[in-house]
Amino acid sequence: QVQLVGSGGGLVQAGGSLTLSCAASGRTFISYPMGWFRQAPGKEREFVAAMSWSGSYTYYADSVKGRFTISRDNAKNTVYLQMNSLSPEDTAVYYCAAAPRSGAWTTPNYDYWGQGTQVTVSS
């Protein structure tokens, strides 16, 4: 079992930056690919970024490529999402996830989810 606790959300002005963290419990964290998703009001949950267990492979949604960076520290059981050049369109609840059920890391079919952290970007 893996439990995920996300943090770091908040209110930021357009053009600003935030770093989200997701702390995991459980010995098997190191072996799981990790992902970040977001869900805006009235919209479906959408993929943001994902990283392999080793950090060798990363994937990003086109909408965040070049602005967001996913990273992980397996020694600390933590995955991060550095978000730069934020825009109001990035406003959403952000969720971290572990262990995609299939090879499609960009779909919200993960076994474990954090509780979500709100990111609000004002114009």
Side-chain angles (χ1 to χ4, degrees):
Q1 285 287 336
V2 174
Q3 292 185 333
L4 305 175
V5 179
S7 62
L11 174 64
V12 64
Q13 288 188 334
S17 299
L18 278 176
T19 299
L20 305 183
S21 300
C22 178
S25 62
R27 295 180 298 172
T28 55
F29 168 82
I30 191 173
S31 64
Y32 291 139
M34 299 291 295
W36 285 97
F37 289 77
R38 67 186 181 186
Q39 189 165 17
K43 295 187 177 181
E44 293 186 351
R45 191 167 298 189
E46 67 172 359
F47 169 74
V48 176
M51 172 173 273
S52 62
W53 70 269
S54 67
S56 297
Y57 300 98
T58 57
Y59 304 91
Y60 294 95
D62 288 342
S63 59
V64 307
K65 202 172 294 183
R67 300 188 299 122
F68 291 12
T69 302
I70 187 172
S71 62
R72 65 190 294 166
D73 185 338
N74 288 337
K76 295 182 178 180
N77 281 5
T78 302
V79 64
Y80 305 96
L81 186 68
Q82 172 69 42
M83 306 185 294
N84 299 325
S85 301
L86 286 162
S87 72
E89 289 70 33
D90 297 313
T91 295
V93 177
Y94 283 71
Y95 298 89
C96 59
R101 294 175 184 171
S102 66
W105 295 2
T106 61
T107 63
N109 293 320
Y110 283 61
D111 279 337
Y112 306 106
W113 290 88
Q115 84 284 9
T117 184
Q118 176 71 47
V119 172
T120 303
V121 184
S122 63
S123 58

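Treat the numbers as computed from the prediction; the structure is a model and nothing was measured.
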Just checking Gln3: does its CD atom have more than 12 heavy atoms from other residues, nucleotides or ligands closer to it than 6.0 angstrom?
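Counting neighbours around CD of Gln3, 12 or fewer heavy atoms of other residues, nucleotides or ligands fall under 6.0 Å, so no.
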
Enter the distance from [X]:[atom1] to [Y]:[atom2] here, rounded to the nearest 0.5 Å.
X	Y	atom1	atom2	answer
Arg101	Thr107	CZ	OG1	9.5 Å
Thr69	Met83	OG1	CE	11.0 Å
Trp36	Leu20	CH2	CG	4.5 Å
Leu81	Thr19	CG	OG1	8.0 Å
Ser7	Tyr80	OG	OH	9.0 Å
Ser85	Phe68	OG	CZ	9.0 Å

Which pair of heavy atoms, one from [X] and one from [Y], lies closest together, and at what distance?
X	Y	result
Val121	Thr91	N-OG1, 2.9 Å
Arg38	Ala92	CB-CB, 3.8 Å
Ser21	Thr78	CB-CG2, 4.3 Å

Starting from the C-alpha separation in whole Å, work towards a yes-or-no answer on side chain to side chain contact (heavy atoms under 4.5 Å, CB included) for Val2 and Met34.
CA-CA 12 Å; Val2 174; Met34 299 291 295; over 6 Å; no

Would you mind listing the cluster partners of Val93? Hydrophobic ones only (ILVMFWY), side-chain contacts under 4.5 Å, chaining allowed.
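In the cluster with Val93 are Phe37, Phe47, Tyr57, Tyr59, Tyr95, Trp105, Tyr110, Trp113.
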
Kindly indicate, with the supporting measurements, whether the criterion side chain to side chain contact (heavy atoms under 4.5 Å, CB included) is fulfilled by Asn84 and Ser17.
CA-CA 4 Å; Asn84 299 325; Ser17 299; 2.9 Å; yes

Between Asn74 and Trp53, is there a donor-acceptor pair closer than 3.5 Å when you use the side chain of the first and the backbone of the second?
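Side chain of Asn74 to backbone of Trp53: a pair is present.
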
Determine, step by step, whether Gln13 and Ser122 satisfy the side-chain hydrogen bond (donor to acceptor under 3.5 Å, both in side chains) criterion, reporting the C-alpha distance in whole Å, the side-chain angles of both residues, the deciding distance to 0.1 Å, and the verdict.
CA-CA 5 Å; Gln13 288 188 334; Ser122 63; 5.0 Å; no

Between Arg72 and Ile70, does a side chain to side chain contact (heavy atoms under 4.5 Å, CB included) hold up when you go through it step by step?
CA-CA 7 Å; Arg72 65 190 294 166; Ile70 187 172; over 6 Å; no

